2 protein chains.
Amino acid sequence: MKTRDRILDVSLELFNAEGEAKQTAVDIANALDMSPGNLYYHFKGKEPIIEALFDRFEEEMQIILGGSHGAVTSIEDNWIFVYIVLEEIYDFRFFYRNVGDMMERYPGLAHRFRKILAMKRQAIDNVLSQLEKRGFVDIDRRLRPALVQQMLSTLTFWLSHDLIEGSDRDGPSLIHDTVLQFMLLVVPYMGEAGADALDGMLERRRDLMKA
Amino acid sequence: MKTRDRILDVSLELFNAEGEAKQTAVDIANALDMSPGNLYYHFKGKEPIIEALFDRFEEEMQIILGGSHGAVTSIEDNWIFVYIVLEEIYDFRFFYRNVGDMMERYPGLAHRFRKILAMKRQAIDNVLSQLEKRGFVDIDRRLRPALVQQMLSTLTFWLSHDLIEGSDRDGPSLIHDTVLQFMLLVVPYMGEAGADALDGMLERRRDLMKA
DNA sequence: GTCTATAAATGGATAGAC
DNA sequence: GTCTATCCATTTATAGAC
């Protein structure tokens, strides 16, 4: 099963770098220095390759999002999973450059995308509940669903948004800014402590910029 | 120039209903009860049709976003332009079901999309400034850019988000909920008056649901 | 302006030799 | 497992008659 893995590795790299939609089966074979016939021996086309890549992605995400998110003390620590999720998405960023397009062209992925979305929502909800229970934040019940939705959107469309703005940033810096953007959403609900927490977040971001 | 307009009208309807990516030049001709050859006489293919449709959309958006946004008293009235923008986007929703994909496949649209994005950002900024000046809201300077970005994302990805969630809602109800989602973003910055404003927004939403 | 017919181009897919 | 050769389907695009 070595060639099979090589096909997946190179395909992932190619899709992330050049965009999935533009690559044909022949392009993939070329990138592998392999004949199209041989590629078809291992995978019946582009679609099964995509699905095999999604298998990998899904597995990772389930590990990340299925893990426990309790037992942390500081506010920022609660959101560490956000950072990890963004990094994982970045590894498979071709899926997220254009989620709607992927779901449309590979209908088999739609419900699996939604399952991951639901897990993300659950994870966000858990963390917010933690923060509320510990008294770090106080969120109006009527505003809570909108806040969760906003967080979920951030997690889903950060790459699309960057693409549309055409900023062409490097991955790590984009990830850091997205984490910041995410955390800033709770600041208004932190009351007195909000100002200090905000300072901390921005300072940390500056440190990361330098490094 | 009558056939030309008919082609654009029917194409828009077809793209909105069935998705732009799936329609070929022949499909468009069929929907028009017209031969492909004739279609090609008026437009050299799908791309010039898309661009002509974007001309229409761009013109409308410039009128909406270029207009003045001052001289309104209530908080909700300030956001009327959001409602109008969403309705206009809905009329050309095939552009927004998958913005990134459109920009990728029609590179000529990219900078025009970005121009509209910039106008939206400006309009949001103006309204926020108005609200601040009148003392309706008090937004930390360091949080303001993140808030604007969230609002912009909402305005850009509401249709994608609905598509991904697969909720398959009807247009008007989706538009109303998106306006609500948009306005809820400022509630945390309204201080004492926030609770009342929130009540008003939710009540208004309920009234619209019944109608 | 509109049609029919057909060419040209692209990408997906398989057969059969090695 | 891997290659070459080839076929098939789809879509774009044009030529020429009406």
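Naming: A, B, ... by sequence-line order, numbering from 1 per chain. Just so you know, these numbers come straight off a predicted model, no measurement behind them.
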Per-pair distances, 0.1 Å, donor-acceptor, side chain in residues 82-94 of chain B, under 3.5 Å, sequence neighbours excluded:
unit_1 : atom_1 : unit_2 : atom_2 : d
B/R93  : NH1    : B/Y90  : O      : 2.8

Tell me every residue that passes side chain to side chain donor-acceptor pair (under 3.5 Å) with B/Q181, counting only those two or more places apart in sequence or in another chain. A/Q150

Checking B/F54, B/F95, B/Y96 against B/M102 for side chain to side chain contact (heavy atoms under 4.5 Å, CB included), the one that qualifies is B/F95

Paired with A/F57, the side chain to side chain contact (heavy atoms under 4.5 Å, CB included) test is passed by just one of A/L109, A/L12, A/I116, namely A/I116

Output one line per pair: protein atom, nucleotide atom from nucleotides 16-18 of chain C, and distance, for all N/O pairs under 3.5 Å.
none

For DNA chain D, the residues among residues 100-109 of chain A that have a non-hydrogen atom under 4.0 Å from it: none

Which residues in residues 37-48 of chain B have at least one heavy atom lying under 4.0 Å from any atom of DNA chain C? B/G37, B/N38, B/Y41, B/H42

What parts of residues 13-30 of chain A reach DNA chain C, counting only heavy atoms under 4.0 Å away? A/T24, A/A25

Sequence neighbours excluded - salt bridge (Lys or Arg N to Asp or Glu O under 4.0 Å) pairs with any residue from residues 120-129 of chain A: A/R121-B/E165, A/D125-A/R144

Rounded at 0.5 Å granularity, tell me how far [atom1] in [X] sits from [atom2] in [Y].
X      : Y      : atom1 : atom2 : answer
B/S153 : B/L185 : OG    : CG    : 10.0 Å
B/L163 : A/E104 : CG    : CD    : 7.0 Å
B/I7   : B/M34  : CD1   : CE    : 4.5 Å

Table please: side-chain donor-acceptor pairs of residues 204-211 of chain A below 3.5 Å, with sequence neighbours left out.
unit_1 : atom_1 : unit_2 : atom_2 : d
A/R204 : NH1    : A/E76  : OE1    : 2.2
A/R205 : NE     : A/D177 : OD1    : 2.3
A/R205 : NH2    : A/D177 : OD1    : 2.9

Once salt bridge (Lys or Arg N to Asp or Glu O under 4.0 Å) is applied, do any residues pair with A/D55, and if so which ones, sequence neighbours excluded? A/R112

Mind checking salt bridge (Lys or Arg N to Asp or Glu O under 4.0 Å) for A/D140 and listing every partner two or more places apart, or none if nothing turns up? A/R142

Side chains of A/N126 and A/S129, donor plus acceptor under 3.5 Å: no

Can you list every pair that meets side chain to side chain donor-acceptor pair (under 3.5 Å) and has a residue in residues 30-52 of chain A, with sequence neighbours left out? A/E20-A/K46

Looking at B/R97 and A/G100, would you say the former's side chain and the latter's main chain have a donor-acceptor pair under 3.5 Å? no

If you fit an axis to the five pairs at each end of the helix from C/dG1-D/dC18 to C/dC18-D/dG1, how big is the angle between those two axes, to 10 degrees? 10°

Answer yes or no: are there more than 12 heavy-atom neighbours, outside B/E13 itself, under 6.0 Å from its atom CD? no

